[in-house]
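To start, the structure under review is shown below, and the notes come after it.
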2 protein chains.
Amino acid sequence: MAEPSIRPKRRADAERSIARIVSAARALLSSDPNAKTDDIAKAAGVGRMTLYGHFGTRAELVEAALVDALKAGDETLSAVDLTGNAREAMTRLLASSWQIVAESAALLAAAEEVLPAGRIRELHERPVRRMTELVSRGQDQGVFRADLPTTWLVSVVQYILHGAATEIRAGRLAPHDAAEVVTKSVESVLTGQAVKR
Amino acid sequence: MAEPSIRPKRRADAERSIARIVSAARALLSSDPNAKTDDIAKAAGVGRMTLYGHFGTRAELVEAALVDALKAGDETLSAVDLTGNAREAMTRLLASSWQIVAESAALLAAAEEVLPAGRIRELHERPVRRMTELVSRGQDQGVFRADLPTTWLVSVVQYILHGAATEIRAGRLAPHDAAEVVTKSVESVLTGQAVKR
DNA sequence: AAGAAGTCGTACTTCCATGTACGAGCTTTG
DNA sequence: CAAAGCTCGTACATGGAAGTACGACTTCTT
């Protein structure tokens, strides 16, 4: 009751190669955002022609890969318990999030080069909403600061997450410390003791 | 006593067009990181050939533009008073920094596409050093948290700065509020009341 | 088992920006 | 003022990846 909405056609073997292609695309693009369709086809163990048979354009393929990654991420994050104290919930959410972000950073970059910004936002709707709701709830609970707009706070969290991913790739942050560093930083911004001056 | 280190040659004439080219490049690239050499030449009111006469490659040109922007920024930032209380100094530094960052964000993006990451870091040495010293001093003064590495803190500040620039461009943050929002956010991360749990 | 659907190699067309080549004609400079 | 230094138009060479065209062959589906 989940995948084949309205697609009566398409043979089993086609389904199979599509899956291989998408998964190969996701893998390759996640390490090299400039991977060529050619490379992807090869990695998928499929002819370039087959690939073009299913994805008319490179952009479509990239989008499919992103959607796939996003879906996987969403599944992971859906499993996180966000009830109770918002600050603690955030810690849990971040613990699961940062790796996902780190892993798909390159893929995202690839998408940003070929897809309109609006489309990308659209695809990120669920994760963003999840974060937004949590932050907002925290603000209501009085656990998170209310002197800055929710939108901005959510953005900052994302920037910190991506930042950590970058630092790791650049070797300036040990993957081991990432979780702690991210958590602490985010917590400060969200909590934001409006330091008395 | 500043520019012509060792370059006895080059006619006044040439000097002039180089200046126009660099400035045009900086302007164009700051709004469209994909500006073509052709466009830049036109904007500079100079033939494409002239441009190539001075910059053998697009990358060289982009670098020159970045260097120019960085030099200008450095001049502005050098004027900021960083003495006294580190937190207050940081506020002053941010007040001058965020606009510079916002303005040159696209240019930076252009550079990131054609220059090796190392080169870019190298060029940013001064601004980064300035920030690093301030953060570090703040940590010594006990004004900034010491439970996170200086490097990371500096990075976060940069990410927040760039993030704000992005939000502004996307229309999700009013330029008017930028300074406040950035300052508050940065202050929280740096101050980082390690909230008792 | 037969026809539809899918696969895939090879070869080719397009596109487009970067960078080169020439050479005539203007400026500077000293 | 004359040569060295620049400018700049036009035309061409490169290169790389995207996407198209064919056609023979293979695997599903019913």
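Reminder, nothing fancy here: chain letters follow the sequence lines and each chain counts from 1.
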> Which part of the nucleic acid does A:R11 contact within heavy-atom distance under 4.0 Å: base, sugar-phosphate only, or nothing?
Replying inline: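 Base contact.
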
Tell me whether the side-chain N/O atoms of [X] come closer than 4.0 Å to OP1 or OP2 in [N].
X	N	value
B:T50	D:dC6	no
A:T57	D:dA18	no
A:H54	C:dG6	no

Measure from the side-chain heavy atoms of [X] and tell me the nearest of [options].
X	options	result
B:R48	D:dC28, C:dG6, C:dT18	C:dT18
B:Y52	C:dT7, C:dT18, C:dC8	C:dT18
B:M49	D:dG19, C:dG6, C:dA21	C:dA21
A:A12	D:dC6, D:dT29, C:dG6	D:dT29
B:D13	C:dT27, C:dT18, D:dA17	C:dT27

> Is it true that B:K36 and B:D38 have a side-chain N and a carboxylate O under 4.0 angstrom from each other?
Replying inline: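 No salt bridge links B:K36 with B:D38.
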
>> Strictly below 4.0 Å, N to O, side chains only: are B:K184 and B:E187 in salt-bridge contact?
In response: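 So B:K184 does not pair with B:E187 through a salt bridge.
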
Under a 4.5 Å side-chain heavy-atom rule over Ile, Leu, Val, Met, Phe, Trp and Tyr, are [X] and [Y] clustered together?
X	Y	answer
A:V80	A:L190	yes
A:L134	A:V189	yes
B:F144	B:Y159	no
A:I100	A:I160	yes

When the distance from [atom1] of [X] to [atom2] of [N] is rounded to whole Å, what number comes out?
X	N	atom1	atom2	value
A:I18	C:dT7	CD1	C1'	13 Å
A:K42	C:dC8	NZ	P	13 Å
A:E113	D:dA18	CD	C1'	15 Å
A:E15	C:dG6	CD	P	10 Å
A:K36	D:dG16	NZ	C1'	8 Å
B:L61	C:dG19	CG	C1'	13 Å
B:D39	C:dC16	CG	C1'	13 Å
B:F55	D:dT7	CZ	C1'	15 Å

> Given that B:R16 and B:T37 both sit by DNA chain C, which one's nearest nucleotide is further toward the 5' end?
Replying inline: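 Result of the comparison: B:T37.
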
> For A:L61, which of A:I40, A:L66, A:L29 qualifies under side chain to side chain contact (heavy atoms under 4.5 Å, CB included)?
Replying inline: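 It is A:I40, the one option of A:I40, A:L66, A:L29 that forms the side chain to side chain contact (heavy atoms under 4.5 Å, CB included) with A:L61.
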
>> For the CZ atom of A:R130 and the CD atom of A:E125, what is their distance to the nearest 0.5 Å?
In response: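 Those atoms lie 10.5 Å apart.
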
> the helix from C:dA1-D:dT30 to C:dG30-D:dC1: angle between its terminal axes, five pairs each, to 10°?
Replying inline: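 Here the helix ends are tilted 30° relative to one another.
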
